[in-house]
Each structure stands twice: as C-alpha cells, then as structure tokens.
Amino acid sequence: MQLPMESSPADTTAAIIILCLLFFYAYYYLAHADFLKNFIAKKSSQQQQKLLLFSVRKITGFIFLGVLPGVLYYVFVNPEFLQFGISVKAMKENISLLLILFVIIVTILFVVQSANPERSSLQIDLKEWSLSLFLLNSLGWIIYLAGYEFLFRGILLFECNQSFGFWPAIAINVAIYSAIHMVNGKDQAIGALIFGTLACYFTLTRGTILIPFFMHVSLSVMSDFFSIKLNRNLCFVNRKNK
C-alpha cells in the first residue's frame, strides 16, 4: 500500500480531529489524576483544597484546550485567528441574539432546577457561598470555556466546515462533544447533543465563536447560581455578617 506523499486539506482536518481528542484526554486525565489531588491535599485546608483543585483544573483546561492547540495551529496550519470572529464588532452585531439566548438558557435552567432542587452542577463542594467565592467560580468557568470553545467550536468546527461542509462539520463536532460528556451521565450526553447542535449552527451561520462561548458561560454560571439559590442545603451568605 502506497501512502500519498502530499497531504490534502481533508488530511489536515483529520489530524486536527485526532489532536483535539488527544488534547482533551490529556487535560481530563491530568486534571483528575490522583497525584494532583494528593499534592493539593498536602498544601492547604479542606476548603482551600476544593478551591485550589477547581482553579487548577480550569487553568489546566485553558492551557491544554486553548493555549497549546492554538500555538500548534498558529505555527503549522493557519496564523489567522480573525477567521473565528473574535472581535468587538462580532459581539455588537450579535448582541440581540446573545440576549435572547441568555433569556432562554436562564429560563430552562430555572425550570429544571425548580423541578429538582436537590440537583447540583457545582464542582466546588461547599455548602455556603459568598459573593467573592461565586465570582471566583464564575471566573474559573470563563477561563476554562475560553480554551474549550476555541478548540471545539473554533479550530475543530471551522476546519471541518472547510473540508467537509456545513452539516458534516456539525455532525462531527456534536458527536465528539456528546461523547466526551458521557462520563457525566446520559442526561448531560443528551443535553450536549442539543446544546452542541445549536452552538455549532450559530457559530457557522454567524461566523463567530463568541456566541457559543457566551452560551456556554451562561449555561455553566447560571446553572451553578440556581444550584445554590434553589437547593435547601446550599445558600449564599454575607461574610461581613458572619
């Protein structure tokens, strides 16, 4: 069997698909490795451990899903990141859509959490939450999802769209996106199918990854907010009054 000497755009895209999965696996297993938990456990109190572990995981995700793939993509594939629609202009042009999507996401989350108040999406296992703690939690999500969306709805989706077309690109992206959520249960895997399809559709039709980034941040932050607000076992507290 003779291998082709020159790679085609489809070959490059195939390599990108594989590398996206490898980068995600590297992030996931490093962020959840026992040695990381054991290292952090030696350095701080129990509450500090939870905060530090959350922060390290989010920063690790930003590096492995955003920084490292971005550097390789810049050097070996395409140094032009403006194709992903990362600009103030793109944000202004889609502000109405972003507000509509935010209202829809908040409404759905409120209904779901109200129907099952004991449900919790929190990755920091604490009962009492101050404003500063919640802001730290939100910042962690923003940092992590910036890298996450840059890889999956940026590099992966745009390259697949150029090589295979609109709907095949969405199908590939959603299949991978849903599959990596299976470790969190079937509900998240199914939810990822719906959310991923909408995120990919708006990304390609509007030409910017700012839309899925905003959607994902809204979903994660507001889900955590309602988890605290509507769960009888969790609460917001005013540290000044304690």
Side-chain angles (χ1 to χ4, degrees), residues 4 7-32 57-58 60-70 72-73 76-78 81 83-86 94 97-98 101 104-105 108-109 112 121 123 141 144-220 223:
S7 62
S8 66
D11 294 332
T12 301
T13 303
I16 288 174
I17 293 173
I18 295 173
L19 287 174
C20 284
L21 287 170
L22 291 178
F23 272 116
F24 181 81
Y25 291 150
Y27 146 71
Y28 184 86
Y29 288 111
L30 176 60
H32 294 83
R57 283 175 172 173
K58 296 311 172 192
T60 301
F62 177 73
I63 293 173
F64 275 82
L65 304 181
V67 176
L68 296 180
L72 291 178
Y73 187 80
F76 295 106
V77 182
N78 188 351
F81 286 162
Q83 64 174 317
F84 301 136
I86 308 174
N94 292 285
L97 175 62
L98 293 176
L101 290 171
I104 293 173
I105 289 171
I108 293 174
L109 289 174
V112 171
S121 63
Q123 294 187 4
W141 278 116
Y144 169 73
L145 292 173
Y148 190 102
E149 290 299 331
F150 177 74
L151 179 63
F152 284 99
R153 245 74 68 170
I155 294 175
L156 178 62
L157 181 61
F158 276 75
E159 286 296 321
C160 286
N161 182 49
Q162 291 178 15
S163 295
F164 308 126
F166 186 86
W167 287 114
I170 292 179
I172 293 170
N173 199 279
V174 172
I176 295 174
Y177 180 62
S178 179
I180 62 178
H181 278 76
M182 290 182 67
V183 295
N184 299 320
K186 65 178 181 180
D187 290 342
Q188 282 206 27
I190 294 173
L193 286 173
I194 301 172
F195 179 86
T197 300
L198 292 174
C200 290
Y201 178 83
F202 286 124
T203 300
L204 293 180
T205 56
R206 298 285 179 145
T208 175
I209 64 171
L210 295 179
I211 294 176
F213 171 68
F214 182 84
M215 289 173 63
H216 215 159
V217 169
S218 299
L219 179 67
S220 298
S223 180

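Heavy atoms only: backbone and side chains are in, while hydrogens, waters and symmetry mates are out. From a predicted model like this one, the values you see are computed outputs, not experimental measurements.
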Exercise. Is the number of heavy atoms from other residues, nucleotides or ligands within 6.0 Å of CZ (F164) greater than 12?
Worked result: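 Counting neighbours around CZ of F164, more than 12 heavy atoms of other residues, nucleotides or ligands fall under 6.0 Å, so yes.
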For this session: Please indicate whether F166 has more than 12 foreign heavy atoms, meaning atoms of other residues, nucleotides or ligands, lying under 6.0 Å from its CZ.
Result: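 Count over threshold, so yes.
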For this session: Evaluate the ring planes of H216 and Y148, with Trp represented by its six-membered ring, and classify them as parallel (under 30°), tilted (30 to 60°) or perpendicular (over 60°).
Result: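 If you compare the ring of H216 with that of Y148, the planes turn out perpendicular.
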Is [Y] close to [X] at the side-chain level, that is, under 4.5 Å between some pair of heavy atoms?
| X | Y | value |
| --- | --- | --- |
| N173 | T197 | no |
| H32 | R57 | yes |
| L65 | T60 | no |
| L97 | I211 | yes |
| L101 | F202 | yes |

Exercise. Hey, does the Lys NZ or Arg CZ of R153 hover above the aromatic six-ring of F84, less than 6.0 Å from the centre and inside 45° of the axis?
Worked result: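 No, R153 does not sit over the ring of F84.
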Exercise. D11 side chain to S8 main-chain N or O, any donor-acceptor pair under 3.5 Å?
Worked result: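 Checked: pair present.
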For this session: Spell out, as yes or no, whether a donor-acceptor pair under 3.5 Å connects the side chain of S178 to the backbone of V174.
Result: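 No; judged by distance alone, with no hydrogens or angles, the pair does not exist.
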Exercise. Looking at residues at least two apart in the chain, or sitting in another chain, which of them share a side-chain hydrogen bond (donor to acceptor under 3.5 Å, both in side chains) with E159?
Worked result: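 E159: side-chain hydrogen bond (donor to acceptor under 3.5 Å, both in side chains) contacts with Y73.
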For this session: Assert yes or no for the condition that the ring centre distance of Y28 to F23 is strictly below 6.0 Å.
Result: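 No; F23 has its ring centre 6.0 Å or more from that of Y28.
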Problem set entry | Minimum heavy-atom distance A199-T203, with the two atoms named |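 The answer is O-OG1, 2.6 Å.
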Exercise. Y144 and K58: which non-hydrogen atoms are nearest, and at how many Å?
Worked result: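 Taking every non-hydrogen atom into account, CB-CD, 3.6 Å.
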For this session: Decide yes or no on ring-ring contact (aromatic ring centres under 6.0 Å, His included) for F24 and Y177, but give the supporting numbers first.
Result: CA-CA 11 Å; F24 181 81; Y177 180 62; 9.6 Å; no
For this session: To the nearest 0.5 angstrom, please state how far the CG atom of N94 sits from the OG1 atom of T205.
Result: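 The distance works out to 8.5 Å.
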Exercise. Roughly how far, to the nearest 0.5 Å, is the CG atom of L151 from the CG atom of L19?
Worked result: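 Between atom CG of L19 and atom CG of L151 there are 9.5 Å.
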